[in-house]
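One-based numbering, in listed order, for ligands and for the atoms of each.
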Amino acid sequence: MRAAAVFPAKKSLQVVNDFPEPKLESPTAVKLRVLNVGVCGTDRDIASFQYGFPPPEGSDFLVMGHECVGEIIEVGPEVHDFKPGDLAIPMVRRPCAHPECLPCRSGRQDFCSTGDYKERGIKQMHGFLTEQIVDDAHYMNPVPRAIRDVAVLVEPLTIAEKGLIQALDIQKRLPWGNRQHKAVVLGAGPVGLLGTMALRNAGFDVTVYSRSREPDESADIAKAVGAKYISSQDKTVDQLGAEVGNIDVIYEATGVSTFAFDVLRVLGTNGLFILTGVPGNHGPVSIDTDKIMRNLVLKNQCLLGTVNAGKDAFQNAVTGLAAFHAAWPDAVKGLITGRFPLERFADPINKQTGIKNIVEIGK
Ligand code: BGC
Ligand code: ZN
């Protein structure tokens, strides 16, 4: 089989032509024919060696790809929830082996407490940028045919859905009420725009604050789903704060820590700041910690980091994406701006263009 891989020792990206076809090795396993795989900032960081781990044991390369939709082509004798022809989205993370890791032992490896989890296409396990994959049915999430063409967006949407599940839980700490809450989304890349859709779908008043000036295709998508758009080149953080009013939730999707901590200053009373980006190591900067800490305390604020996603977020992402697709079909389709064959997988990894680039493997 063909597979798209990163070779850390050679520092190169290459298509491997003799990657062995995976076999069903357990009665609860399923085999998928890979349809589409999305490329994201994590892949770019791995390929530029800013983030990454040694390849799987015994291999000098890692097959990349963690944002995948595929079609089931074979199921083990003990699989009852899937049949050949079904579409499925595989989860990314696999549990660590430590008996004392309660999250992993409870099926919540997205909260793994030891750090010894594995992630397909990222950490010590081959990913999905290949023709066929095998995994336990337990890690598969069914997805309706109606959203097949955009289903590759489910995994990046899980980041926002996990954030939202936690946000609604955390805000139970106060009388949150059912007035319309105000959210600011930082960044208008795929994670930011999918977060915008999730927040709009949950009834929030949303303002997207991002670098690009209009006219801009990401700004158009934000506005098409009923959000406001403000360029950080036109308005300062203080102007943003004044314009929005009391900001209840800030959803960060840039990975730029200086920008995030600058905007933290304008988080509202009782507000929640959700960080999702993984910045590179750019060294220390100076920020006004007194002001940040005073606000966190005196305004009852909460700062939350979130990574990866559990079954609940995957399920919400599937139903969410179907709802967005029904409400805003052009905006959802407009998120996918580039399609590449497997042979050219390195192009969108080496150079980010448009919004979301995907690799088309099967039809
Ligand atoms: C993926 C997550 C993963 C994280 C850190 C993200 O791009 O969507 O599933 O946990 O990277 O490796
Ligand atoms: Zn990703």
Side-chain angles (χ1 to χ4, degrees), residues 4 6 8 34 36-56 62-69 89-96 103-104 107-129 133 135 139-141 150-166 187 189-195 198 251-256 274-281 304-318 320-321 335-336 338 345 348-349 352 355-359:
V6 57
V34 176
N36 296 156
V37 176
V39 167
C40 80
T42 303
D43 301 308
R44 249 166 256 125
D45 291 347
I46 293 171
S48 58
F49 308 96
Q50 298 186 36
Y51 177 66
F53 305 89
L62 170 79
V63 175
M64 300 184 70
H66 59 275
E67 304 180 357
C68 171
V69 54
I89 312 285
M91 295 169 85
V92 179
R93 195 176 277 197
R94 302 293 171 268
C96 75
C104 282
R108 288 311 303 257
Q109 53 274 12
D110 57 316
F111 285 107
C112 174
S113 59
T114 67
D116 289 335
Y117 62 82
K118 295 182 177 178
E119 287 181 343
R120 291 205 59 167
I122 301 175
K123 187 173 185 273
Q124 295 160 321
M125 276 184 103
H126 289 308
F128 308 132
L129 263 172
I133 57 166
D135 219 324
Y139 299 120
M140 295 295 156
N141 299 279
V150 292
V152 68
L153 300 171
V154 166
E155 196 281 339
L157 175 58
T158 61
I159 307 301
E161 296 292 353
K162 178 175 171 181
L164 202 53
I165 290 169
Q166 294 174 89
V191 175
L193 290 173
L194 287 164
Y251 179 74
E252 180 278 331
T254 64
V256 181
I274 306 172
L275 293 163
T276 76
V278 183
N281 279 312
L304 172 76
T306 182
V307 69
N308 200 254
K311 265 251 132 104
D312 51 354
F314 269 87
Q315 271 154 14
N316 288 1
V318 171
L321 191 66
L335 291 171
I336 301 175
F345 82 100
I349 294 179
Q352 162 63 11
I355 305 174
K356 177 57 108 184
N357 289 306
I358 67 168
V359 179

Checklist line | Exceeds 12 heavy-atom contacts within 6.0 angstrom, atom NZ of Lys311 | finding: yes

Next item on the list: Could you check atom 8 (O) of ligand 1 against the protein and tell me its nearest heavy-atom contact, residue, atom and distance included?
Entry: Glu155 OE2, 2.7 Å

Margin query: Does any part of the side chain of Asn357, heavy atoms only, come nearer than 4.5 Å to the side chain of Gln352, both counted from C-beta?
Written below: yes

Check: Of the backbone atoms (N, CA, C, O) and the side-chain heavy atoms from C-beta on, which set of His66 has a member under 4.0 Å from an atom of ligand 1: side chain, backbone, both, or neither?
Finding: side chain

Next item on the list: For the residue pair Asn308 and Val92, establish whether any side-chain heavy-atom pair is separated by less than 4.5 Å.
Entry: yes

Next item on the list: Could you check which N/O/S atom of His66 is closest to the Zn ion (ligand 2)?
Entry: NE2

Check: Would you call Asp312 and Arg108 a salt bridge, using N to O less than 4.0 angstrom?
Finding: yes

Next item on the list: Classify the contact between Ile122 and ligand 1 as side chain, backbone, both or neither, using a heavy-atom distance cut-off of under 4.0 Å.
Entry: side chain

Check: To which of Gln109, Arg93, Glu119 does the heavy atom nearest atom 10 (O) of ligand 1 belong?
Finding: Glu119

Note to self: Within the 4.0 Å heavy-atom shell around Val92, which atoms of ligand 1 are there?
What the structure shows: 9 (O)

Next item on the list: Would you check if Lys356 and Val152 make a side-chain contact, meaning some heavy-atom pair closer than 4.5 Å?
Entry: no

Next item on the list: Establish, yes or no, whether a centroid distance under 6.0 Å links the rings of Phe53 and Tyr51.
Entry: yes

Next item on the list: Examine distances only and state if a side-chain atom of Lys162 and a backbone atom of Gly310 form a donor-acceptor pair shorter than 3.5 Å.
Entry: no

Next item on the list: Compare all side-chain heavy atoms of Glu161 with those of Leu321 and state whether any distance is below 4.5 angstrom.
Entry: no

Notebook entry, point to check: What residue and atom, counting heavy atoms only, is the protein's closest point to atom 9 (O) of ligand 1, and at what distance?
Noted result: Asn308 ND2, 2.9 Å

Next item on the list: Output the list of atoms in ligand 1 that are nearer than 4.0 Å to some heavy atom of Tyr51, sorted by atom number.
Entry: 5 (C), 12 (O)

Notebook entry, point to check: Side chain, backbone, both or neither: which part of Cys40 comes within less than 4.0 Å of ligand 1 when only heavy atoms are counted?
Noted result: side chain

Check: Can you tell if the side chain of Met91 reaches within under 4.5 Å of the side chain of Asp110, non-hydrogen atoms only?
Finding: no

Note to self: So that I can check it, does any N, O or S atom in Glu67 come closer than 2.8 Å to the Zn ion (ligand 2)?
What the structure shows: yes

Check: If you count the atoms of ligand 1 from 1 in the order shown, which ones are under 4.0 Å from a heavy atom of Ile159?
Finding: 8 (O)

Note to self: Within the 4.0 Å heavy-atom shell around Thr42, which atoms of ligand 1 are there?
What the structure shows: 6 (C), 7 (O), 11 (O)

Notebook entry, point to check: Which ligand 1 atoms does Val307 reach within 4.0 Å, using its non-hydrogen atoms?
Noted result: 4 (C), 5 (C), 10 (O)

